[in-house]
Every structure is written in C-alpha cells, then in structure tokens.
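Inspection log for the structure reproduced underneath, given as structure tokens.
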Amino acid sequence: MIESLLEKPSENYCSDLSDPVQFIAGLAHEAMLLEVLTTPKPGLVDQANSGSHKDMNLSTFIDSAGAIQPWLNHFVSAGMKTAHAPAETVLASIRPQGIACEQAMFSATNGVNTHKGMIFSMAIVLAAAGRQLTLEGKEGLNSEKLCGQVAAMTTGLVERELSSVLKPRTAGERLFQQFGLTGIRGEVESGFATVRQHALPVLTSLLKNGPQNIALLQTLLHLMAHNNDTNIVSRGGMLALKYTQNRARSLLKEGGVLTDNGLTSLHAFDRDMIARNLSPGGSADLLALTWLMHRLETVSIPLFEA
Ligand SMILES: CC(C)(COP(=O)(O)OP(=O)(O)OC[C@H]1O[C@@H](n2cnc3c(N)ncnc32)[C@H](O[C@H]2O[C@H](COP(=O)(O)OP(=O)(O)OP(=O)(O)O)[C@@H](O)[C@H]2O)[C@@H]1O)[C@@H](O)C(=O)NCCC(=O)NCCS
Ligand SMILES: Nc1ncnc2[nH]cnc12
C-alpha cells in the first residue's frame, strides 16, 4: 500500500473521506510517507540508502510517521476550534500537543530525531488549514491564503524565540547567534516563502504531465538550491551550505533530473553528500510541506460545508 503512493496518491489513501479533519490529516501523513519514499534524495533517507545517517533508515521514518499520524487530527481540530481567536494565540495553544507528538515520535524511534522539525511545520500548517477551512471554506486552502494564515499565527516568532535568547540551547538558537540563520522559525514566520517562491510552482507544473517521483526530486533540488537549511550548517558550517546550494543550482542549470543523465547526476550528488556527512533534513521537510500544499489546493474535500 505504502509503495503504491509512489505511482499515484490514491484518493482513498486518506482515511475517512467524510470527515474533513481526518481527510486533511491523512494528506499530511501521505506527504510525510511520500517524502521519505522519493528516491534518490542527496544525503537523505530514501529507498536506496540511509543517506548521511547511521541512526535511522526507511522503516524508522515510516514508524515515526505512523506514531505522529494520530496527532495530526488534533492540530486540524485545534485550528477549527480556535478559528475565531486571534491568530497569534494559536501556536501557544497547540504547542503542548506538539511536544506530546514529539515524545510519541521519540518513543517510536528509540530517541532518534526523525521528524522534530516536520512536527513543528506540520502542526502549524494543519492548524492554519483548520482555521482557513472554518473561516473561508475550501477556498481558504489556497496556498497564498493558507501561508498568509501561517504567517499571521507566527508573527514575532523569530524575535521571541531567537533574537531574545541569551544562552542558546538548541541547534537553531546557536546557529542564529553564530550566523543569523532563522531556520524553521524564519520559514514559518515568512509564511513558507521558500516553498511558495521556489518549490510549489515547480511541483504543480511538473505534476501536470510528468512522473510524480521526478517532479518531487526536481522540487527537492530547487529547495536545496535556496533553503538555508540549519541541518546542513550544524554538520558542516556555512561552507557546507554554500557547497550544497551551489551543487543543486549547477545541477538545475543542466536541467536537473529532467535530462537523460539527470538521475545519474543525482546519485553522484547523493554519494558526495554522504561522503561529506551532510543531510538537508530541513529541505526534506519543506518537500513534504510542498506536496501537502499542492494537495490541499487541488484535491476536493468531500462533504465539507463551510
Ligand atoms: C521549534 C523547534 C523544532 C526548533 O528547533 P531548533 O531550535 O533546532 O530550530 P532549527 O535549527 O530551525 O531546526 C529545527 C528543525 O527544523 C528543520 N529545519 C531546519 N532548517 C530548516 C529550514 N530552513 N526550513 C525548514 N525546516 C528546517 C530540521 O528538521 C529536520 O531535520 C531533522 C533530522 O535531521 P538530522 O540531521 O538527523 O537532525 P539531528 O538529529 O538534529 O542532527 P544529527 O545529530 O543527526 O546531526 C528533523 O528534525 C527534521 O524534521 C531541523 O532539525 C524545536 O526546538 C522546539 O521548540 N520544539 C519544542 C516543541 C514544539 O514546539 N513542537 C512543535 C509544536 S507546534
Ligand atoms: N528523508 C529524510 N532523511 C533525513 N532526514 C529527514 N528529515 C525529514 N525527512 C528526512
């Protein structure tokens, strides 16, 4: 069943077609599985290898996504329940569930961080989707409107959680102080600008008449070319980020995976990222989010009455 996602997402994959909460949460779960199944992804876990990771593999990610899945419903419901509350109050209201979801992930992975950043992003997007659906109906799930809601919900996040931190505790806080990188917090506060500007137009256009795996791989290259991924910097510093972005850009200049030699070049990129022990985990997360936003824009949500 899971491998069948690679060919074409089944409309029925998303559990309960009659319940918009379960349906939307099912799309997020589908996005997380599809991301890890997409192959070959440079430095990342996929069906070919575990990338630059000794502590996790494909089944770790599938188990992790399974542990996270029940919580995805909560995030959508929380967005619906607080639809008429001020946007900036929602993140604090879903954070306890996000932390509990993170614990469920760690239990399923024996303490390995597979999806910590993904949980943060997905929780925010799904709560935003719940709010938009309640306030504006299906029209509210258009990516610009959805990302506008995300930005409204997270306004001031970088100032509150990065600029004002004196002693850094997390990788993100340390990298902000060292290099001014805002990581996932900057991405959500911008309303997923990297996804909107560099990824979603590519995915939507390539899915019109091309193979799904190729569309996802080309989209990942665009993300790696532009995303300031703190995972890369925490392992290899700013030079590693420049190497990753420049390598992705030069691949895209030659046509990326759309050319006859494209997949061979991508496998070579994968080998080089593994040799350098680099993993663009943040770009992998944004790939899943790009897929989710594409699905929310294009799929019909059955039986939903605004
Ligand atoms: C809110 C937090 C998640 C913030 O965490 P942190 O302070 O560390 O902030 P960031 O450095 O910004 O990154 C956190 C994770 O977000 C992903 N990420 C990084 N850069 C970007 C970006 N530019 N755009 C989007 N996403 C980004 C990335 O997550 C993915 O990679 C992780 C797996 O890779 P790996 O290399 O294995 O990571 P490690 O195990 O950490 O390194 P190694 O030891 O292996 O070398 C995985 O998480 C992916 O999702 C970043 O890692 C968090 O601090 C927080 O506050 N949590 C509290 C609870 C909470 O708020 N939960 C959500 C409730 S709504
Ligand atoms: N496929 C993947 N490999 C490594 N880290 C990731 N973070 C999210 N998806 C990932």
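Indexing begins at 1, ligand by ligand and atom by atom, following the structure's order.
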Identify all pairs of nitrogen or oxygen atoms, one from ligand 2 and one from the protein, separated by less than 3.5 Å, and list them with distances.
from, atom 1, to, atom 2, distance (Å)
ligand 2, 1 (N), Glu35, OE2, 2.8
ligand 2, 1 (N), Val45, O, 3.0
ligand 2, 3 (N), Val45, N, 2.9
ligand 2, 9 (N), Glu35, OE1, 2.9
ligand 2, 9 (N), Glu35, OE2, 3.4

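For His53, every heavy-atom contact with ligand 1 shorter than 4.0 Å involves the side chain, none the backbone. Heavy atoms of Lys116 found under 4.0 angstrom from ligand 1 belong to the backbone as well as the side chain. By the criterion of a heavy-atom distance under 4.0 Å, neither the backbone nor the side chain of Thr194 is placed next to ligand 1. Looking at Thr170 against ligand 1, only its side chain comes within 4.0 Å, counting heavy atoms.
Considering each of Asp285, Leu286, Leu126, the one bringing a non-hydrogen atom nearest atom 30 (C) of ligand 1 is Asp285. For atom 51 (C) of ligand 1, the nearest non-hydrogen atom from the set Asn231, Asn277, Leu91 belongs to Asn231.
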Starting from the C-alpha separation in whole Å, work towards a yes-or-no answer on side-chain contact (heavy atoms from CB on, under 4.5 Å) for Glu88 and Met153. CA-CA 4 Å; Glu88 61 276 10; Met153 284 166 53; over 6 Å; no
With salt bridge (charged side-chain N to carboxylate O under 4.0 Å, His left out) as the criterion, how do Arg196 and Glu297 come out once you've worked through the C-alpha distance, each side chain's angles and the decisive distance to 0.1 Å? CA-CA 13 Å; Arg196 283 183 290 114; Glu297 267 194 328; over 6 Å; no
Check against side-chain contact (heavy atoms from CB on, under 4.5 Å), Asn113 and Met56: CA-CA 9 Å; Asn113 171 17; Met56 50 196 189; over 6 Å; no
Going through the distances and angles, do Glu35 and Met118 end up as a side-chain contact (heavy atoms from CB on, under 4.5 Å)? CA-CA 11 Å; Glu35 176 277 307; Met118 182 85 84; 4.2 Å; yes
Criterion side-chain contact (heavy atoms from CB on, under 4.5 Å) on Thr60 and Val45, from CA distance to verdict: CA-CA 10 Å; Thr60 322; Val45 172; over 6 Å; no
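Looking only at protein heavy atoms, the nearest one to atom 46 (O) of ligand 1 is Arg235 NE, 3.0 Å. In this structure, atom 33 (C) of ligand 1 lies nearest to the protein heavy atom Asn113 O, 3.6 Å.
Counting atoms of ligand 1 from 1 in the listed order, those under 4.0 Å from a heavy atom of Gly281 are 30 (C), 31 (O). Near Gly282, with a cut-off below 4.0 Å to any heavy atom, the atoms of ligand 1 are 17 (C), 18 (N), 21 (C), 25 (C), 26 (N), 27 (C). Atoms of ligand 1 lying under 4.0 Å from at least one heavy atom of His115, given by number and element, are 48 (O), 50 (O). Near Ala123, meaning under 4.0 Å from any of its heavy atoms, are these atoms of ligand 1: 65 (S). Listed by number with element, the atoms of ligand 1 under 4.0 angstrom from any heavy atom of Arg95 are 1 (C), 56 (O), 60 (C), 61 (O). Every atom of ligand 1 is numbered from 1 in the order shown, and the set under 4.0 Å from a heavy atom of Met56 is 37 (O). Of all atoms in ligand 1, numbered sequentially from 1 with element shown, those under 4.0 Å from a heavy atom of Asn227 are 22 (C), 23 (N), 24 (N). Taking a cut-off of under 4.0 Å to the non-hydrogen atoms of Glu102, the atoms of ligand 1 that pass are 57 (N), 58 (C), 59 (C), 60 (C), 62 (N).
Some N or O of Asn228 is nearer than 3.5 Å to an N or O of ligand 1, by distance alone. At a 3.5 angstrom cut-off on N or O pairs, Glu187 does not count as close to ligand 1. On a distance-only criterion, Ile184 and ligand 1 share at least one N/O pair closer than 3.5 Å. Polar contact check, Gly117 against ligand 1: a nitrogen or oxygen pair lies under 3.5 Å apart. Residue-to-ligand polar distances keep Asp55 apart from ligand 1: every N/O pair is separated by 3.5 Å or more. Not a single N or O atom of Ser279, backbone or side chain, sits closer than 3.5 Å to an N or O atom of ligand 1.
A side-chain contact (heavy atoms from CB on, under 4.5 Å) with Leu44 holds for exactly one of Pro280, Ser52, Ser50; it is Pro280.
A continuous path of hydrophobic side-chain contacts links Leu241 to Phe179 [ILVMFWY only; heavy atoms under 4.5 Å]. Each of Val165 and Leu181 belongs to its own hydrophobic cluster when Ile, Leu, Val, Met, Phe, Trp and Tyr are linked at side-chain heavy-atom distances under 4.5 angstrom. Residue Met273 is grouped with residue Leu263 when hydrophobic side chains (ILVMFWY) are merged at heavy-atom distances under 4.5 angstrom, including chains of intermediate members. If you chain together hydrophobic residues whose side chains sit under 4.5 Å apart, Leu287 and Ile214 fall into the same group. Grouping the Ile, Leu, Val, Met, Phe, Trp and Tyr side chains by contacts below 4.5 angstrom, directly or via other members, places Leu133 apart from Leu135.
Smallest separation of non-hydrogen atoms from Ile68 and Cys101: CG2-SG, 3.8 Å. Taking all atoms of both residues into account, the shortest heavy-atom contact from Ala215 to Leu207 is CB-CD2, 3.8 Å.
Partners of Ala151 by side chain to side chain contact (heavy atoms under 4.5 Å, CB included), not counting sequence neighbours: none found. For the side chain to side chain contact (heavy atoms under 4.5 Å, CB included) test, no residue two or more places apart in sequence or in another chain qualifies with Pro70. The ring pair (Phe, Tyr, Trp, His ring centres under 6.0 Å) search around Phe61 returns His115, not counting sequence neighbours.
The closest approach between Ile99 and ligand 1 falls below 4.0 Å for a heavy atom of the residue. Ligand 1 lies less than 4.0 angstrom from a heavy atom belonging to Thr114. Residue contacts with ligand 1 do not include Gln97, since none of its heavy atoms lies under 4.0 Å from the ligand.
A donor-acceptor pair is defined here as one N or O able to donate and one able to accept, closer than 3.5 Å; such a pair exists between the side chain of Thr259 and the backbone of Gly262.
Taking a distance limit of 4.0 Å, we find that atom 42 (O) of ligand 1 is approached by no protein heavy atom.
Note: His226 and His222 have parallel aromatic rings, judged against thresholds of 30 and 60 degrees for the angle between ring planes.
Electrostatic pairing of Glu254 and Arg247 does not count as a salt bridge here, judged by no charged N lying under 4.0 Å from a carboxylate O.
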